[in-house]
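Data block below; observations after.
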Protein chains: 2
Amino acid sequence: MTGIRAKQKEKTRRALINAALSQLSPQTAFSSLSLREVAREANIAPTSFYRHFQNMDELGLTLVDEGGLTLRQLLRQGRQRLADGGSVIRISVDIFMDFISNNRSVFRLLLQEHSGTSKEFRLAIAREIHHFKSELADYLHNERRLHEDLARLQADAMVRVMFSIGADALDLPASDKAALIEDTILELRMIARGATALQTSFNATKGEAGAVKKRAESAPKGA
Amino acid sequence: MTGIRAKQKEKTRRALINAALSQLSPQTAFSSLSLREVAREANIAPTSFYRHFQNMDELGLTLVDEGGLTLRQLLRQGRQRLADGGSVIRISVDIFMDFISNNRSVFRLLLQEHSGTSKEFRLAIAREIHHFKSELADYLHNERRLHEDLARLQADAMVRVMFSIGADALDLPASDKAALIEDTILELRMIARGATALQTSFNATKGEAGAVKKRAESAPKGA
DNA sequence: AAATTCAGCGAACAGTTGTTCGCTAAAAAG
DNA sequence: CTTTTTAGCGAACAACTGTTCGCTGAATTT
């Protein structure tokens, strides 16, 4: 029951994962990565690949899941930092930008396969992004007392802007990154400001109780 | 001088372009399209491809340019419609969504190659998006009397949200599209509202003249 | 009428790919 | 100790890729 066998298996599994990651670059997309290349880089025979993953897709989905997990862990850290005081937006932007810098390949993978040709990939990544939005929307609703629908829309807009700017930051020299961060913060503040402005104006016209018209509870669909 | 020869050449050139376009689908990215496939679909020998394009990349860049051109033409139509009265935001969103619906393949190409592995592609598409932002920023500055920097940031945020939502709308059943459009309009209104709110608050604190701190005139870089 | 240009072709090339099959040797189970 | 399990291997496969080369025949130029 030592599991010396299982240990070794896990080891070459990691080797495959790392081999894939190490081959990703601005010039090389995951989708154009070949099974044989990955196996070669991991120092195993092409045929042995199948002992660990059925497809290259299965390997890729593993990368997506691990990337999403990392991101969510960072978010938790961020919420802790927030308790110490400081601007939510600034802290969140910093965390996000750090994540991108420290996980360039994974973030590029997320970006590319988000609009890629594999439905499974797209859904997996959409799911990760949805987590992101939901947590933010909950925060805005619960902590910032924003109306539920407005919170959802604000979170949606913010996450979209954040991911889009992240894509630009990905291949930007570090020197230009600072300015981009400041722009990001301003844009997110703009969104936040607009949301509260809309909320108060709705409250004003409609009295006090239910502010925004109840949009269908149809859960997480398009936006 | 009839040019019967040039005519024929142009004809098969179009055939190649259309062949490429017709093979694009949610399951097939341009980057994974082979020269031989395209030639086959266009009913010419693989070797003849080189009489028209040096690369598949060159063909792709042609598609990007034509797509951008179409989009800009639609924008011009939009500005005309605007003169008749109506909400700028709603009209712009409608135009954009129409473009996406009527040019699904091209828009998908833009999305995919925007974060693709060819630098030339990425730059070409970034250029198209920049046109978009600039025109919107100019409009906000000139017609809506918004401060230059705020106009730039608002345009940036709006275009990012618009493209991001467009990506989601791409593979959404028509029935869900209407709700998504309404969400989009609300989010863009949020951004607009936030921008003017920030403008007036800056004006209030700083007096009357120069409102926002002059950000470097460093032209179109990251944001 | 003769000479030139040139879009399109077919054959051939070396290189890659994913996947199958049956085998080995060592770990695990009996 | 004997049997079973199983990660890893090498050979072989059919299918594809981009690109070269020299040739044709018709449109164009001289």
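Per chain, numbering begins at 1; letters A, B, ... match sequence-line order.
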Let's see if you can work this out: which of C:dA7, D:dT17, C:dT17 has an atom nearest to the side-chain heavy atoms of B:Lys9?
C:dA7
Indicate, yes or no, whether a donor-acceptor pair under 3.5 Å links the base of C:dG18 to the side chain of A:Ser34.
no
Nearest heavy atom decides the nucleotide; on that basis, is B:Asn55 or B:Arg51 closer to the 5' end of DNA chain D?
B:Asn55
Can you tell if the side chain of B:Ile129 reaches within under 4.5 Å of the side chain of B:Arg160, non-hydrogen atoms only?
no
When the distance from CG of B:Leu35 to P of C:dC9 is rounded to whole Å, what number comes out?
13 Å
What does B:Glu37 touch in the nucleic acid at a heavy-atom separation under 4.0 angstrom: a base, only the sugar-phosphate, or nothing?
sugar-phosphate
Do the side chains of B:Leu180 and B:Leu172 get nearer than 4.5 Å, heavy atoms only?
yes
Tell me the interatomic distance from A:Leu16, atom CG, to D:dA7, atom C1', rounded to whole angstroms.
12 Å
Nucleotide nearest B:Thr47 (side chain, heavy atoms from C-beta), chosen from D:dT17, D:dA11, C:dG10
C:dG10
Side-chain heavy-atom pair A:Ser115, B:Arg108 within 4.5 angstrom cut-off:
no
Between the base of D:dC16 and the side chain of B:Arg36, is there any donor-acceptor pair under 3.5 Å?
no
Separation of A:Met56 atom CE from C:dT19 atom P, in whole Å?
11 Å
Between P on C:dT17 and CG on A:Leu33, what's the gap in Å once rounded to a whole number?
10 Å
Quick one, B:Glu182 and B:Arg90 - any side-chain contact, counting heavy atoms below 4.5 Å?
yes
Would one find a side-chain N or O of B:Ser48 under 4.0 angstrom from OP1 or OP2 of C:dA7?
no
Ignoring the backbone of A:Ala45, work out which of D:dC9, D:dT19, C:dG8 is nearest its side chain.
D:dC9
Atom OH of B:Tyr50 and atom P of D:dG22 are separated, to the nearest Å, by 17 Å
Which nucleotide wins on minimum distance to the side chain of B:Ile4, given the candidates C:dA27, D:dG18, D:dT28?
D:dT28
May I ask you to test the B:His52-B:Lys9 pair for a side-chain heavy-atom distance under 4.5 Å?
yes
Hey, does A:Arg13 reach any base, or is it just sugar-phosphate, or nothing, if we go heavy atoms under 4.0 Å?
nothing
Report the distance from atom CZ of A:Phe49 to atom C1' of D:dC9, rounded to the nearest whole Å.
16 Å
Looking at C:dA26, does its base get a donor-acceptor pair with the side chain of A:Arg5 below 3.5 Å?
yes
With hydrogens left out and only the distance checked, is there a donor-acceptor pair under 3.5 Å joining B:Thr12's side chain and the base of C:dG8?
no
Round to a whole Å and report the spacing from CG of A:Asp57 to P of C:dT19.
10 Å
Taking atom C1' of D:dA15 as reference, at what distance in whole Å does atom CZ of B:Arg40 sit?
11 Å
Hey, what's the ring geometry for A:Phe132 with A:Phe96, parallel, tilted or perpendicular (30° and 60° as the breaks)?
tilted
Among the nucleotides D:dA27, C:dT17, C:dG8, which one has an atom lying closest to any side-chain atom of B:Gln8?
C:dG8
